[in-house]
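Computed from a predicted model, the values in this text were never measured in an experiment. Hydrogens, waters and symmetry mates play no part in the numbers below; they use all other heavy atoms, side chains included.
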Amino acid sequence: MLAAVPLLNIDAGEHDDEPEELYALADVVNIACGGHAGDARSMEHVLRACKAHGTSAGAHPSFEDREGFGRRELDVDAREIELAVRRQCEAIRSIAARLDVEVRYLKPHGALYHLANRDPRVASAVHLGARAALGTSFTLIGPPEGELSAVASTSDTPFAREGFADRSTRPDGTLVRRGERGAVITDPAVACAQARAMIAGGAYDTLCVHGDTAGAVDIARAVRQVLDG
């Protein structure tokens with residue numbers, strides 16, 4: 001475990017109208033770096049905000065699928081995934097270096113996150129692509145169990161076990177698929193209750209709120225209070 005109390009991570013840099021308060025509330029901001037969303041301008045904007053608020057910056061690479069917002073599994077081989085992750089991480093690292101900001105975290109986005117956690121070849125590709133761009137000093141964020149955790153363990157990469165404050169889960173711990181009823185939690189009180197249960201269970205190092213969830217700022221404020229309290 002990385003911390004006695006989980007860190008709050010927020011997936012962001014995906015929309016022009018994101019409130020900057022999100023970046024201040026987070027411990028870690030996972031910044032879209034061109035695959036599903038984001039460009040040089042948005043990356044610089046969020047990195048500058050992270051620097052101003054003392055928030056850690058992370059890379060949030062995905063399948064190169066802006067039309068599907070990175071939430072569709074693409075039929076590409078592991079080598080292509082490795083190169084795509086490397087390209088995206090190099091893009092954000094280059095901007096971060098110019099701003100004197102360190103990219104300390106790596107979290108795959110959407111369909112790539114879930115596929116990598118099931119498929120050891122994809123997990124390895126994500127890890128190799130990230131290491132080629134970011135070096136060896138980043139922390140990988142992923143589910144408590146699965147192939148992302150395994151690749152981190154075998155490579156001595158720090159790993160943060162992630163839970164979701166704004167997503168519903170099935171009894172086996174997997175997320176309810178987007179589009180199904182109740183998949184996304186938009187009530188801050190429900191998100192707080194879920195965060196409290198995750199903290200009590202002690203199985204998570206970081207809790208996520210998605211920046212594109214309706215009412216994300218209110219949810220993040222409420223979860224922040226739970227974590228701080």
[X] and [Y]: which non-hydrogen atoms are nearest, and at how many Å?
{"X": "Phe138", "Y": "Thr157", "value": "O-CG2, 3.6 Å"}
{"X": "Ala123", "Y": "Val151", "value": "O-CG1, 4.1 Å"}
{"X": "Ala59", "Y": "Cys33", "value": "CB-SG, 4.4 Å"}
{"X": "Gly38", "Y": "Ser42", "value": "CA-OG, 3.2 Å"}
{"X": "Glu162", "Y": "Pro144", "value": "O-CD, 3.6 Å"}
{"X": "Glu102", "Y": "Ser137", "value": "OE2-OG, 3.7 Å"}

Nearest-0.5 Å distance that lies between atom CG in Leu128 and atom OG in Ser155: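 Result: 9.0 Å between the selected atoms.
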OG1 on Thr55 to CD1 on Ile10, rounded to 0.5 Å: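 Output value for this atom pair is 8.5 Å.
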Test side chain to side chain contact (heavy atoms under 4.5 Å, CB included) applied to [X] - qualifying residues, sequence neighbours left out:
{"X": "Leu74", "result": "Phe63, Asp65, Val76"}
{"X": "Pro120", "result": "Glu147"}
{"X": "Ser94", "result": "none"}
{"X": "Val176", "result": "Ser168, Arg170, Glu180, Ala183"}

Given Asp27, Thr206, Asp205, the one that forms side chain to side chain contact (heavy atoms under 4.5 Å, CB included) with Asn9: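 Exactly one pass, corresponding to Thr206.
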Output side-chain donor-acceptor pairs under 3.5 Å for residues 43-53, partner residues at least two apart or in another chain, one line each.
from  : atom 1 : to    : atom 2 : distance (Å)
Glu44 : OE1    : Arg98 : NH2    : 3.0
Glu44 : OE2    : Arg48 : NE     : 3.0
Glu44 : OE2    : Arg48 : NH2    : 2.9
Lys51 : NZ     : Leu99 : O      : 2.7
His53 : NE2    : Glu20 : OE2    : 3.1

Contacts of type salt bridge (Lys or Arg N to Asp or Glu O under 4.0 Å), residue Glu145, not counting sequence neighbours: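 With neighbours one apart ignored, the set is empty.
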Set of residues satisfying salt bridge (Lys or Arg N to Asp or Glu O under 4.0 Å) with respect to Arg86, sequence neighbours excluded: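 In terms of salt bridge (Lys or Arg N to Asp or Glu O under 4.0 Å), with neighbours along the sequence ignored, Arg86 is linked to Glu90.
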Working for salt bridge (charged side-chain N to carboxylate O under 4.0 Å, His left out), residues Asp39 and Arg66: CA-CA 11 Å; Asp39 54 23; Arg66 297 178 80 90; 5.4 Å; no
Aromatic plane relationship, His210 with Phe164 - under 30° parallel, 30 to 60° tilted, over 60° perpendicular: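 Judged by the thresholds at 30° and 60°, the geometry between Phe164 and His210 is parallel.
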CA sep, side-chain torsions, deciding dist, call: Leu227, Arg224, side-chain contact (heavy atoms from CB on, under 4.5 Å): CA-CA 5 Å; Leu227 294 173; Arg224 177 82 271 163; 3.9 Å; yes
Under 3.5 Å donor-acceptor, Arg104 side chain and Ser56 backbone: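 Not at all, since once roles are kept as given, no pair shorter than 3.5 Å links the two residues.
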Linked hydrophobic residues, Val190 as query - side chain contacts closer than 4.5 Å: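 Traced through the cluster, Val190 reaches Ile185.
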Listed once per pair and sorted, the salt bridge (charged side-chain N to carboxylate O under 4.0 Å, His left out) pairs that draw on residues 113-125, sequence neighbours left out: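 Matches after skipping sequence neighbours: Glu73-Arg118, Asp119-Arg121.
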Residue pairs involving residues 209-220 (criterion salt bridge (charged side-chain N to carboxylate O under 4.0 Å, His left out); sequence neighbours excluded):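 Qualifying pairs: Arg71-Asp212, Asp218-Arg221.
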For Arg79, side chain to side chain donor-acceptor pair (under 3.5 Å) partners two or more places apart: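 Checked Arg79 against side chain to side chain donor-acceptor pair (under 3.5 Å); matches are Glu82.
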Residue pairs, two or more places apart or on separate chains, that pass ring pair (Phe, Tyr, Trp, His ring centres under 6.0 Å) and touch residues 5-34: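 Found His15-Phe69.
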